[in-house]
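Here the structure is laid out as structure tokens; the discussion comes afterwards.
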There are 2 protein chains.
Amino acid sequence: MLSLDMVAAERDKCESPVGYCTHCDLGAKSFCSGLTTEQFRRFMTFLGQTSIECNATIFREGDPAQHLYEITVGAVKLYKLLSDGRRQIIAFLFPGDFFGLSLNGTYAYTAEAMLPVMVCRFPKRKLDALFEEIPVLEKKLLGATAQELAAAHDQMLLLGRKTAREKVASFLVMLWDRLCGAGERHQLITLPMSRSDIADFLGLTIETVSRTLTGFRREGLIALPDVNHLLIRQHEALQRIAEGA
Amino acid sequence: MLSLDMVAAERDKCESPVGYCTHCDLGAKSFCSGLTTEQFRRFMTFLGQTSIECNATIFREGDPAQHLYEITVGAVKLYKLLSDGRRQIIAFLFPGDFFGLSLNGTYAYTAEAMLPVMVCRFPKRKLDALFEEIPVLEKKLLGATAQELAAAHDQMLLLGRKTAREKVASFLVMLWDRLCGAGERHQLITLPMSRSDIADFLGLTIETVSRTLTGFRREGLIALPDVNHLLIRQHEALQRIAEGA
DNA sequence: CGTATTATTGACCACTCTCAAAAAACGTGG
DNA sequence: CCACGTTTTTTGAGAGTGGTCAATAATACG
């Protein structure tokens, strides 16, 4: 049994903390950032790194929940299904995001790779031990979960109360916020998701998504060089539409 | 009738760990259950207990987030607004539920009492110290947050992909699950929320909620003795409707 | 290339919303 | 306790946003 004092003592012996994991380029956002050399060595013994091919299912709703995942490369979608096949995409996830948290021992949603994906995978049965050794990780996970909860709340407002036009504008702005650096205004976004994915994320049909996007294109708010590429031309205007103003 | 004093007396007879806080009747669900006598004593120094009158606003979206709350008595609604007044209710909360977690130092939603409410209130700036003293609390908060996240995911499926009929049926089943003991099949539910609240929770209008409820009443699935009381007559049938079968 | 899949566009329709009025419930003060 | 005004809920009629169905166009992939 390892006491907090011992952990603290161990940490004090170490020199400056390792910057962050050298196996991915998440930087400070990563789960393993800010650990001491010794903590990092222990951390690596808990972790499994896995690559997942594009379109592969990582796990299904109802599967026994054995791992917690953090994406290092690629993009993942999470979704829930109704018995007749209607689908709701819960989240689009990118490097730095967690998924796989569960309540009753089974996953509550399906996770699917939208691109070739690299993940860090933590066995759930070892999580308590890991948190005991490196308590800061538990705080990080709580923070990440709180962030996902806030995103879910935003999406509930979108799904319940926004028009199709506002939904699509919100989606575009969200993509821009997540995938574009702050500086560059006119930056080409590569969409990892299909129109069908966008529709199932926004609670619309593919036809409505398509019509709304061409609408925005005709108004000069965006450009669509090809189906998988998107250029935000008037971010401010889209933001105003997204917020219902 | 069982007085609080009697409950407290019964509990004081017990050795450590203290079963649970004597100030509320949450039992094992409570944040403070399963603590040792000493831990419980320390716990109480962190906590403020507050009563809130019905319909009072506890905090507003954008307010500086100073406290984390746990409900001990009553019911609370959380909601977000669009600039033109459109409202989405994020959650209906009952005894044992937490709220007030925030990311950037401000609350991301408004919290309003639907009944006279009692809460335990934890200052955020003391939370780290509390977790250091009683690490199990951090795990409990993580668990509660994960549970809220799962509920949010279910609600996203409802908002994005269910019909009005399925939404209202889901809502009724959810109420039954949360507010009724498992044994009693025909149990009268007292609704703490208005039709307008239900509509803003389900992404519908009050008219559609009203029409759907009268529909269920005519079909014999429920009874509505008066506006604030509800009797589930055919739970199974409602469950089937809720799941889109 | 030829085939299969995905995306766009069009015409039509239905579910739910909007607007409006009546009915019921609530609150307040006499 | 009842009369009154206010608010909430129910019910109705009509309209509109987004869905359905269908055809065409573009793209991906062997």
Looking at every strand, decide which applies to B/Gly215 at a 4.0 Å heavy-atom threshold: base, sugar-phosphate, or nothing.
nothing

Length of the line joining A/Asp200:CG and C/dT6:P, which is rounded to integer Å:
13 Å

Between B/Phe99 and B/Tyr109, is the ring centre distance below 6.0 Å?
no

Pair A/Ile189-A/Leu172, side chain to side chain contact (heavy atoms under 4.5 Å, CB included): steps then yes or no:
CA-CA 10 Å; A/Ile189 298 174; A/Leu172 297 175; over 6 Å; no

Could you tell me whether A/Leu213 contacts a base, only the sugar-phosphate backbone, or nothing, with contacts defined as non-hydrogen atoms closer than 4.0 Å?
nothing

B/Ile198 CD1 to D/dT8 C1': how many Å, rounded?
12 Å

What is the distance, rounded to the nearest whole Å, between atom CG of A/Leu224 and atom C1' of D/dA26?
13 Å

If you fit an axis to the five pairs at each end of the helix from C/dC1-D/dG30 to C/dG30-D/dC1, how big is the angle between those two axes, to 10 degrees?
50°

Most 5' of B/Pro225 and B/Val209 on DNA chain C, judged by nearest nucleotide
B/Val209

Is the backbone N or O of B/Phe201 less than 3.5 Å from a side-chain atom of B/Gln88, with the two atoms forming a donor-acceptor pair by type?
yes

Looking at A/Asn228, does any N or O in its side chain come under 4.0 Å of the phosphate oxygens OP1/OP2 on D/dT27?
no

Counting just side-chain N and O atoms, does A/Thr214 come under 4.0 Å of either OP1 or OP2 of C/dT9?
yes

In whole angstrom, what separates A/Leu191's CG from D/dT27's P?
14 Å

Write out a two-atom table: protein N or O, nucleotide N or O from nucleotides 18-21 of chain C, distance below 3.5 Å.
{"unit_1": "C/dT18", "atom_1": "O4", "unit_2": "B/Arg211", "atom_2": "NH2", "d": "3.1"}
{"unit_1": "C/dC19", "atom_1": "N4", "unit_2": "B/Glu207", "atom_2": "OE2", "d": "3.0"}

Contact check, side chains of B/Ile52 and B/Val76, non-hydrogen atoms, under 4.5 Å:
no

Rounded off to whole Å, could you give me the CG-to-C1' distance for the A/Leu202 and D/dG19 pair?
15 Å

Nearest-nucleotide check on DNA chain C, B/Thr163 vs A/Ser194; residue mapping nearer the 5' end is A/Ser194

Do NZ/NE/NH1/NH2 and the carboxylate oxygens of B/Asp154 and B/Lys162 come within less than 4.0 Å?
no

Value in whole Å for how far the P atom of D/dG19 lies from CZ of A/Arg86:
13 Å

Here the distance between atom C1' of D/dT27 and atom NE2 of A/His229, to the nearest Å, is 13 Å

Atom-to-atom span, CD1 of B/Ile206 to C1' of D/dT11 - whole angstrom:
12 Å

So, does A/Thr110 use its side chain to make a donor-acceptor pair with the main chain of A/Glu61 at under 3.5 Å?
yes

Are any of the side-chain heavy atoms of A/Thr212 and A/Thr208 separated by less than 4.5 Å?
yes

Answer with yes or no whether the side chains of A/Ser30 and A/Ser33 bring together a donor and an acceptor at under 3.5 Å.
no

Within the distance-only criterion (no hydrogens, no angle test), does the side chain of A/Arg161 pair as donor or acceptor with the backbone N or O of B/Lys80 below 3.5 angstrom?
no

